[in-house]
Amino acid sequence: AASIGVLGWLGFIIINCAAWGIIGVSSDIAWVYGFGATLLYTGILVALALFLRGEKYAAFANLLWVLACVFIFINGMFISIKIVGPAFGEEARSIVPDGHRAFIDNDLTRLLPEGASDELKAWAADVARSDTPTVATFGSHVYFSATRNDTSNVVVLFTSDGTWVELVHPRIRSAENLITFDHALWFLGQEAADDRVKGLYKIVAGNRSAAVLVGPPPVAGSSIYRLALFGDKLYYKAGYQCETGWTNTILMLTPGDDSVKSLRDPVCVPVPVDDDDDDDDDDDDDDD
């Protein structure tokens with residue numbers, strides 16, 4: 001009897017590689033999306049394995065069951081790490097290169113000051129990323145991202161008053177979360193010429209085509225996202241790699257003096273010191 005041909009096996013490999021890619025990207029955006037994609041694909045594998053029962057497709061169905069079990073295990077990891085652990089107060093744990101263990105609490109709601117509004121708490125707890133709005137009106141000008149010949153096909157920020165279009169300088173790409181506040185336009189972005197120069201930018205009414213970096217990243221190479229306005233302050237999030245592991249924080253801008261403050265202080269959790277090292281130091285002092 002005929003079974004799965006070469007094209008069938010090739011298609012199966014391609015589909016599984018695509019599924020792994022979708023799950024990986026979804027998990028990078030937010031673990032909930034990754035969990036949902038994994039759960040959906042597990043259901044598809046089980047349904048297909050049941051549909052192909054019989055001697056004709058036995059080898060193919062067995063492989064489907066093996067893959068389904070693998071994805072069930074991955075679903076269990078999502079639940080144990082992201083749901084069960086936090087429910088019992090477990091904090092994220094990281095192992096640093098020298099073997100020290102450090103606890104990094106990446107629950108951003110715990111960084112908020114007392115009396116924070118429910119809206120601010122909900123924003124801090126939301127792990128999803130959003131790049132909107134990417135278009136904004138400031139005074140008589142519209143700001144938007146586009147590309148043209150003199151930008152080397154790189155999508156950067158432009159401004160227009162309806163009669164002409166002008167580049168914003170320095171050239172800013174990945175401009176997102178555009179917000180008008182305190183007589184200025186604020187947004188997150190990074191210089192097109194240098195990926196390391198990214199952070200919170202500001203454009204004022206007096207010079208509508210010049211962007212000024214107000215809030216540099218807390219650590220070089222930080223991922224910054226989710227600029228939002230609550231009350232009379234701007235907040236945005238940052239994630240970065242410290243010696244003790246991946247760390248998240250909230251940055252707050254105070255209007256007037258344009259000062260940006262990280263609500264995590266220090267921005268990186270210090271590397272723990274072994275008790276044995278302390279004892280050795282004490283012994284050396286005694287010998288002296």
Side-chain angles (χ1 to χ4, degrees), residues 1-97 101-109 121-132 134 155 174 176-177 221-226 237-242 244-248:
S3 60
I4 302 297
V6 175
L7 292 179
W9 286 107
L10 181 61
F12 177 76
I13 294 172
I14 293 174
I15 291 174
N16 272 280
C17 290
W20 279 107
I22 293 172
I23 292 172
V25 172
S26 301
S27 301
D28 185 61
I29 297 173
W31 76 267
V32 177
Y33 298 156
F35 175 70
T38 306
L39 193 63
L40 175 62
Y41 193 60
T42 303
I44 293 175
L45 289 173
V46 172
L48 191 58
L50 292 173
F51 179 76
L52 296 177
R53 286 181 300 179
E55 294 183 2
K56 184 177 182 180
Y57 303 113
F60 194 72
N62 289 337
L63 181 57
L64 290 174
W65 282 117
V66 171
L67 284 173
C69 291
V70 171
F71 280 97
I72 289 173
F73 171 76
I74 295 173
N75 283 319
M77 292 294 292
F78 271 118
I79 294 173
S80 62
I81 294 174
K82 296 296 185 179
I83 299 177
V84 177
F88 286 91
E90 294 291 333
E91 299 173 339
R93 177 175 291 181
S94 173
I95 301 178
V96 298
R101 301 185 71 87
F103 289 93
I104 304 174
D105 185 0
N106 279 323
D107 183 356
L108 296 182
T109 59
K121 292 178 181 178
W123 170 86
D126 188 2
V127 297
R129 300 193 178 201
S130 173
D131 60 359
T132 56
T134 56
V155 178
S174 302
E176 58 189 37
N177 304 145
S222 297
S223 171
I224 56 173
Y225 55 99
R226 288 299 296 273
K237 301 176 183 179
Y240 44 88
Q241 186 66 41
C242 292
T244 46
W246 186 260
T247 306
N248 295 325

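What you see is a predicted model, and the numbers here were worked out from it, not measured in a lab.
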To the nearest 0.5 Å, how far apart are [atom1] in [X] and [atom2] in [Y]?
| X | Y | atom1 | atom2 | result |
| --- | --- | --- | --- | --- |
| Cys69 | Leu64 | SG | CG | 11.0 Å |
| Tyr33 | Ile23 | OH | CD1 | 16.0 Å |
| Asn75 | Thr42 | CG | OG1 | 4.5 Å |
| Ile79 | Leu39 | CD1 | CG | 8.0 Å |
| Thr38 | Ile22 | OG1 | CD1 | 10.5 Å |

Exercise. Please walk me through it: do Tyr240 and Ile224 pass side-chain contact (heavy atoms from CB on, under 4.5 Å)?
Worked result: CA-CA 9 Å; Tyr240 44 88; Ile224 56 173; over 6 Å; no
Please find the pair of heavy atoms, one from [X] and one from [Y], that lie closest to each other, and give the distance.
| X | Y | value |
| --- | --- | --- |
| Lys237 | Leu108 | CD-CD1, 3.8 Å |
| Thr109 | Asp107 | OG1-OD1, 2.6 Å |
| Ala128 | Arg226 | O-NH1, 2.7 Å |
| Trp246 | Gly239 | CZ2-C, 3.3 Å |

Problem set entry | Partner residues of Val155 under the side chain to side chain contact (heavy atoms under 4.5 Å, CB included) criterion, sequence neighbours left out |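 If we apply the side chain to side chain contact (heavy atoms under 4.5 Å, CB included) test to Val155, skipping adjacent residues, the hits are Ser145, Thr147.
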For this session: Mind checking side chain to side chain contact (heavy atoms under 4.5 Å, CB included) for Ile15 and listing every partner two or more places apart, or none if nothing turns up?
Result: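 Side chain to side chain contact (heavy atoms under 4.5 Å, CB included) list for Ile15, sorted by chain: Tyr41.
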Exercise. Of Leu45, Ile44, Val46, which is the lone residue that meets side chain to side chain contact (heavy atoms under 4.5 Å, CB included) with Phe71?
Worked result: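 With Phe71 as partner, side chain to side chain contact (heavy atoms under 4.5 Å, CB included) holds for just one option, Leu45.
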Exercise. Is there side-chain contact between Val66 and Asn62, with at least one heavy-atom pair below 4.5 Å?
Worked result: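 The answer is no; the side chains never approach within 4.5 Å.
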Problem set entry | Asn106 backbone acceptor or donor facing Asn248 side chain under 3.5 Å |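 Absent.
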Exercise. Is there a donor-acceptor pair under 3.5 Å between the side chain of Asn177 and the backbone N or O of Thr132?
Worked result: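 Side chain of Asn177 to backbone of Thr132: a pair is present.
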